[in-house]
Amino acid sequence: QVQLVESGGGLVQAGGSLRLSCAASGNIFSFDAMGWYRQAPGKQRELVANIPSAGSINYADSVKGRFTISRDNAKNTVYLQMNSLKPEDTAVYYCYARGILAITLRDFSSWGQGTQVTVSS
């Protein structure tokens with residue numbers, strides 16, 4: 001099983017910044033993609049940013065220009081730099097990873113536990 005451990009959430013004032021980190025561990029052969037989703041109270045979970053191993057990085061329109069996703073392959077870690085935060089960014093942010101397991105070479109997908117981001121006015 002693949003484990004994703006998130007960190008970096010917290011309370012910040014509007015206009016501030018946070019940097020989320022997600023470190024993956026387990027019997028991983030390779031990653032197809034890693035990304036971030038968020039879910040606000042009463043709302044459905046939505047994609048924030050996705051960084052595939054091949055192809056283009058994807059951002060939600062609402063965060064484009066403010067958020068930046070990146071990854072450190074040596075650390076199996078994906079980051080989400082969030083700048084110019086707005087109250088509407090308040091949500092639980094979830095890390096997601098998809099790839100191939102070692103040994104069995106079966107596909108996997110895994111979610112982090114979620115980290116709360118709260119942006120005050």
Side-chain angles (χ1 to χ4, degrees):
Q1 188 75 13
V2 175
Q3 183 181 11
L4 304 179
V5 179
E6 300 159 327
S7 62
L11 176 64
V12 66
Q13 289 184 299
S17 297
L18 286 172
R19 183 176 173 87
L20 306 183
S21 299
C22 173
S25 62
N27 292 124
I28 302 164
F29 177 74
S30 64
F31 291 96
D32 293 332
M34 300 185 76
W36 293 92
Y37 289 72
R38 67 185 181 186
Q39 188 166 22
K43 303 283 188 177
Q44 67 181 48
R45 190 171 297 187
E46 66 173 347
L47 175 70
V48 177
N50 174 261
I51 182 167
S53 296
S56 300
I57 295 172
N58 302 304
Y59 293 99
D61 288 342
S62 60
V63 308
K64 207 163 191 175
R66 299 187 297 119
F67 291 10
T68 303
I69 189 171
S70 61
R71 64 188 293 174
D72 185 332
N73 292 330
K75 297 179 181 178
N76 283 344
T77 300
V78 64
Y79 305 93
L80 185 68
Q81 179 67 46
M82 304 185 293
N83 298 327
S84 302
L85 283 162
K86 304 174 180 179
E88 49 262 47
D89 295 319
T90 296
V92 178
Y93 284 70
Y94 297 91
C95 180
Y96 173 81
R98 183 173 63 86
I100 301 172
L101 294 172
I103 303 175
T104 65
L105 302 183
R106 303 293 292 182
D107 293 341
F108 77 86
S109 63
S110 185
W111 291 91
Q113 78 283 1
T115 184
Q116 177 70 47
V117 172
T118 302
V119 184
S120 62
S121 301

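A quick note: this is a predicted structure, and the numbers were derived from the prediction, not measured.
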[X] side, atom [atom1]; [Y] side, atom [atom2] - distance, nearest 0.5 Å:
X   : Y   : atom1 : atom2 : answer
Y93 : L80 : OH    : CG    : 7.5 Å
F31 : R98 : CZ    : CZ    : 12.0 Å
L18 : M82 : CG    : CE    : 4.5 Å
I51 : S56 : CD1   : OG    : 10.5 Å

Keeping the roles fixed (side chain from E6, backbone from G114), state whether a donor-acceptor pair exists under 3.5 Å.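 Flag set: sc E6 to bb G114 pair under 3.5 Å.
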Taking all heavy atoms of [X] and all of [Y], pick out the closest pair and write down the distance.
X    : Y    : result
M34  : A24  : CE-CB, 4.3 Å
F108 : S30  : CE2-O, 3.8 Å
S110 : V2   : OG-O, 2.8 Å
T68  : Y59  : CA-OH, 3.4 Å
A91  : A40  : CB-N, 3.8 Å
Q116 : T118 : NE2-OG1, 3.2 Å

Got [X] and [Y] here, is their nearest side-chain heavy-atom distance under 4.5 Å?
X   : Y   : answer
S62 : K86 : no
S25 : V5  : no
N50 : I69 : no

Could you tell me how the ring of Y94 sits relative to the ring of W111: parallel (under 30°), tilted (30 to 60°) or perpendicular (over 60°)?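 The rings of Y94 and W111 stand perpendicular, inter-plane angle above 60°.
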L85 and F67: side chain to side chain contact (heavy atoms under 4.5 Å, CB included), yes or no, with the steps? CA-CA 9 Å; L85 283 162; F67 291 10; 3.8 Å; yes
Using only heavy-atom distances, determine whether the side chains of N83 and S17 contain a donor-acceptor pair under 3.5 Å.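 There is such a pair (donor and acceptor under 3.5 Å, judged by atom type) between the side chains of N83 and S17.
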Flag yes if more than 12 heavy atoms outside E88 fall under 6.0 Å of its CD atom; otherwise flag no.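 Result for CD/E88: enclosed.
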With clusters defined by side-chain heavy atoms of hydrophobic residues (ILVMFWY) lying less than 4.5 Å apart, directly or transitively, does [Y] cluster with [X]?
X   : Y    : answer
L20 : V92  : no
Y96 : V117 : no
I57 : V63  : yes

Would R38 and E46 count as a side chain to side chain contact (heavy atoms under 4.5 Å, CB included) if you check the C-alpha gap in whole Å, the side-chain angles of each, and the deciding distance to 0.1 Å? CA-CA 6 Å; R38 67 185 181 186; E46 66 173 347; 2.8 Å; yes
